[in-house]
Q: 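Have a look at the structure that comes next, please.
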Amino acid sequence: MAQFDDIQPGAELPALTVPVTVALVTGGAIATRDYFPGHHDLEAARALGSPHIFMNILTTNGLVQRFVEDWAGPQARLCDLKIKLGMPNYPGDTMTLTGAVTDKRASDRTVEVTLKGANSMGHHVTGTVRVCLP
């Protein structure tokens, strides 16, 4: 569990490796009520020019949140989350999330984590998360 007084800019978060599976992609889409065929129908995804179904942004957002919350602990509060998608996440690949603290503000006891999630094709997600720490 991260404590504000103990964290300094440059502190690295433990990496999180996420196997990208059909169940993760389709389950994430269904859980977020995203019924776009490219997230669950292989033939529809191929008709769009994609080699396989692909992860939606809300699933990615949830994985980013998990990555930061696993490090920060249950008493932390996410204040702001900004992400940008890059390469798609396809089943059969693996995404590894990495990040580091890049800012610390005593005025509101927050730190900013800059992160990226990479798969075999490059960066799937990049972004920042501001976290209020105990």
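As the structure is a prediction and not an experimental result, all values here were calculated from the model.
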Q: Do Arg130 and Val113 have side chains that approach each other closer than 4.5 Å (heavy atoms only, starting at C-beta)?
A: no
Q: Which heavy atom of Leu133 sits nearest to which heavy atom of Gln3, and what is that distance?
A: CD1-C, 4.4 Å
Q: I need the minimum non-hydrogen distance between Met95 and Val125, along with the two atoms involved.
A: SD-CG1, 4.3 Å
Q: Would you tabulate the side-chain donor-acceptor contacts of residues 67-77 under 3.5 Å, counting partners in other chains and residues two or more places apart, or write 'none'?
A:
| from | atom 1 | to | atom 2 | distance (Å) |
| --- | --- | --- | --- | --- |
| Glu69 | OE2 | Gln65 | NE2 | 3.4 |

Q: Assess the side chains of Thr60 and His124: does a donor N or O sit below 3.5 Å from an acceptor N or O?
A: yes
Q: Going by heavy atoms in the side chains, are Leu16 and Arg66 under 4.5 Å from each other?
A: yes
Q: Could you tell me which residues satisfy salt bridge (Lys or Arg N to Asp or Glu O under 4.0 Å) with Lys82, sequence neighbours excluded, listed by chain and number?
A: Asp80
Q: Do Asp41 and Ile53 come close enough that some side-chain heavy atom pair is under 4.5 Å?
A: no
Q: Which pair of non-hydrogen atoms, one from Leu97 and one from Gly117, has the smallest distance, and what is that distance?
A: CD2-CA, 3.6 Å
Q: Report yes or no: does Thr32 contribute a side-chain atom to a donor-acceptor pair with the main-chain N or O of Gly28 at less than 3.5 Å?
A: yes
Q: If you link I, L, V, M, F, W and Y whenever their side-chain heavy atoms are under 4.5 Å apart, who else ends up in the same group as Phe36?
A: Leu48, Phe54, Met87, Tyr90, Met121
Q: With distance as the sole test, does Lys104 use its side chain to make a donor-acceptor pair with the main-chain N or O of Ile7 at under 3.5 Å?
A: yes
Q: Taking the side chain as every heavy atom from C-beta outward, state whether Asn61 and Ile83 have any pair of such atoms under 4.5 Å apart.
A: yes
Q: Could Asp5 and Arg109 be called an ion pair, given the rule that one side-chain N must be under 4.0 Å from one carboxylate O?
A: yes
Q: Does the side chain of Leu78 reach to within under 4.5 Å of the side chain of Val129, using non-hydrogen atoms?
A: yes
Q: State, yes or no, whether a side-chain contact exists between Thr94 and Asn119 at a heavy-atom distance under 4.5 Å.
A: no
Q: State, to 0.1 Å, how close Asn56 and Ala29 come at their nearest heavy-atom pair, and which atoms those are.
A: ND2-CA, 3.7 Å
Q: Over all heavy atoms of both residues, which pair between His39 and Thr26 is shortest? Give the atoms and the distance, please.
A: O-CG2, 3.5 Å
Q: Is the shortest side-chain heavy-atom distance between Val20 and Val25 below 4.5 Å?
A: yes
Q: Are Asp108 and Thr110 close enough that a side-chain donor and a side-chain acceptor fall under 3.5 Å?
A: yes
Q: I'd like to know if the side chain of Thr21 reaches the main chain of Leu24, judged simply by a donor and an acceptor atom lying under 3.5 Å from each other, with no hydrogens or angles considered.
A: yes
